[in-house]
Amino acid sequence: MTQHIAPQITQIPKHIAIIMDGNGRWAKRHSLPRYLGHQYGLHPVRTTVELCAKYGVKILTLFAFSSENWLRPPKEVRQIMELFFRSLKGEIRRLQKSGVRLRIIGDRTAFSQALQERISQAEHTTEHNSTVLLQIAANYGGRWDITQAARTLAQQVQAGTLQPEAIDENTVANALAFTDCPYPDLLIRTGGEQRISNFLLWQLAYAELYFSDLLWPDFNELEFIKALEVYASRQRRFGKTGEQTATAPK
Ligand code: IPE
Ligand code: IPE
Ligand code: MG
């Protein structure tokens, strides 16, 4: 597929995370109710998954609903949950066809029993797909993730299976929401805000950040390519000097 790639894109991120922000403002701009903004937001989700497959991005993590989004008006929360419930079923055929594996990250115990079952079904149906791993962060918060990891480790210490001195960064990392894939190389946030909003706090430690003024329902291939180009132009130093990084083998 390399024939599609612009010459500026010399480095493709393995893992892209996106804060899909701006649905409400998009709806307002089009004189539509907010929930239609969320509904239209499904189109760029589909497009972005296809673009990841096309450009060789193996993991895509999308922030769909934060731990704090429960604070929104109950009607909007209900509408988002309904959309989530419907799309989990509606999108399966498409995911299967393009070989996409689906995983939901976040505290799913807060969801209705029916939604939890549908999540498990969708994950089970797609578990052997390997083109792209699509992680949807739903009722996810970076603070929740680190807190639940701390609780897991505390339980292991209490049970005598873990010594406190043995806890290092790897131990913590292995108790976080996902452990079997690399952390995001690139974080994209649409909607014009430049903040993390409690997304993957631990996992974004060395991600490159790209902020787009487009509202999420308007996100498209051109903007995706722009983000890839900006990413390719960055020098990731991971604490070392620029000279060390430039001479290091790729
Ligand atoms: C992001 O869009 C979707 C969710 C947080 C569920 P918003 O609904 O936050 O859109 P704005 O920021 O109000 O425009
Ligand atoms: C972040 O967007 C969460 C998602 C996109 C799911 P918000 O709209 O909730 O973020 P804030 O409140 O503007 O920081
Ligand atoms: Mg928002």
Side-chain angles (χ1 to χ4, degrees), residues 13 15-24 37-38 41-42 44-45 48-49 52 57-72 74 76-88 91 95 100-123 126-127 132-153 172-191 193-207 209-211 216 219:
H15 184 168
I16 296 182
I18 306 184
I19 301 177
M20 310 183 288
D21 196 22
N23 294 348
H38 299 309
L42 195 56
V45 168
T48 309
V49 173
C52 285
V57 176
K58 296 304 285 180
I59 307 147
L60 175 66
T61 302
L62 301 176
F63 204 7
F65 191 85
S66 77
S67 319
E68 290 72 31
N69 288 147
W70 296 107
L71 299 171
R72 292 190 175 200
E76 180 170 345
V77 171
R78 199 170 56 245
Q79 286 166 335
I80 293 173
M81 290 302 145
E82 280 166 11
L83 179 63
F84 188 30
F85 188 71
R86 263 186 286 128
S87 7
L88 270 172
E91 296 301 307
L95 297 179
V100 177
R101 177 176 179 189
L102 182 70
R103 170 188 287 161
I104 309 301
I105 59 167
D107 182 5
R108 57 180 80 179
T109 60
F111 297 143
S112 70
Q113 200 57 39
L115 182 51
Q116 290 187 49
E117 278 164 24
R118 200 162 269 194
I119 289 172
S120 305
Q121 261 171 22
E123 287 178 331
T126 61
E127 72 186 338
V132 174
L133 169 63
L134 170 63
Q135 301 195 110
I136 303 285
N139 193 20
Y140 180 88
R143 289 176 182 164
W144 164 81
D145 200 357
I146 295 168
T147 305
Q148 65 81 28
R151 190 183 309 118
T152 304
L153 299 184
V172 178
N174 283 324
L176 292 171
F178 58 88
T179 55
D180 56 352
C181 64
Y183 292 157
D185 303 293
L186 170 65
L187 170 77
I188 299 173
R189 180 173 185 141
T190 60
E193 314 294 350
Q194 304 196 353
R195 53 178 173 253
I196 301 291
S197 298
N198 197 18
F199 197 20
L200 303 156
L201 297 179
W202 174 286
Q203 299 88 339
L204 289 175
Y206 270 102
L209 311 180
Y210 179 85
F211 297 104
W216 175 250
F219 189 74

- Message: If you define the side chain from C-beta out and look only at heavy atoms, does anything of P184 sit under 4.5 Å from I16?
- Response: no
- Message: If we ignore hydrogens and angles and just use 3.5 Å, is the side chain of R189 paired with the main-chain N or O of R195 as donor and acceptor?
- Response: yes
- Of all the heavy-atom pairs spanning G41 and N23, show the shortest one and how long it is. CA-OD1, 4.4 Å
- So which heavy atom on A110 is nearest to which on N139, and how close? CB-ND2, 3.4 Å
- Go through the steps for L134 and L62 under the test side chain to side chain contact (heavy atoms under 4.5 Å, CB included), then give the verdict. CA-CA 8 Å; L134 170 63; L62 301 176; 3.7 Å; yes
- Correct closest heavy-atom pair for Q135 and C181 would be NE2-SG, 4.1 Å
- Message: Whether the side chain of E193 engages the backbone of F211 through a donor-acceptor N/O pair (distance < 3.5 Å, no angle test) should be reported.
- Response: no
- Nearest heavy-atom pair of I59 and P182: which atoms, and what distance? CD1-CD, 3.6 Å
- Task: Output all residues satisfying side chain to side chain contact (heavy atoms under 4.5 Å, CB included) with N69, sequence neighbours left out; order by chain, then residue number.
- Result: F65, S66, R72
- How long is the span from the CZ atom in F178 to the OG1 atom in T61, to the nearest 0.5 Å? 5.0 Å
- Item | Audit row: I105, L200, side chain to side chain contact (heavy atoms under 4.5 Å, CB included) steps and yes/no | CA-CA 11 Å; I105 59 167; L200 303 156; 4.2 Å; yes
- Message: Main chain of L88, side chain of E91: is a donor-acceptor contact present, judged purely on distance under 3.5 Å?
- Response: no
- If we only count heavy atoms from C-beta on, is the I136 to L102 side-chain gap below 4.5 Å? yes
- Pair L60-V49, side chain to side chain contact (heavy atoms under 4.5 Å, CB included): steps then yes or no: CA-CA 7 Å; L60 175 66; V49 173; 3.9 Å; yes
- Which residues pass the salt bridge (charged side-chain N to carboxylate O under 4.0 Å, His left out) test with D185, sequence neighbours left out? R236
- Query: When you look at L187 and I196, which way does the side chain to side chain contact (heavy atoms under 4.5 Å, CB included) test go after all the steps?
  - Reply: CA-CA 9 Å; L187 170 77; I196 301 291; 3.8 Å; yes
- Query: Quick one: which of I19, I18, D21 gives a side-chain contact (heavy atoms from CB on, under 4.5 Å) with W216?
  - Reply: I18
- Backbone of G141 reached by a side-chain donor or acceptor of N198 within 3.5 Å: no
- Message: Once rounded to the nearest 0.5 Å, what's the spacing between atom CG of L133 and atom CD of E127?
- Response: 12.5 Å
- Query: Going by the angle between their ring planes, with limits at 30° and 60°, are F199 and F63 parallel, tilted or perpendicular?
  - Reply: parallel
- Task: Look at the rings of Y140 and W144 and say which category their plane angle falls in: under 30° parallel, 30 to 60° tilted, over 60° perpendicular.
- Result: perpendicular
- Query: Where does the angle between the aromatic ring planes of F84 and F111 fall among parallel (under 30°), tilted (30 to 60°) and perpendicular (over 60°)?
  - Reply: perpendicular
- Are W202 and D145 close enough that some pair of their side-chain heavy atoms sits under 4.5 Å apart? no
- Message: Main chain of A175, side chain of T179: is a donor-acceptor contact present, judged purely on distance under 3.5 Å?
- Response: no
- Item | From S112 atom OG to E117 atom CD, the distance as rounded to the nearest 0.5 Å | 8.5 Å
- Query: Short question: side chain of H38, backbone of I80 - any donor-acceptor pair under 3.5 Å?
  - Reply: no
- Query: Which pairs, with at least one residue in residues 101-113 and sequence neighbours excluded, count as a salt bridge (Lys or Arg N to Asp or Glu O under 4.0 Å)?
  - Reply: R103-D180, R108-E123
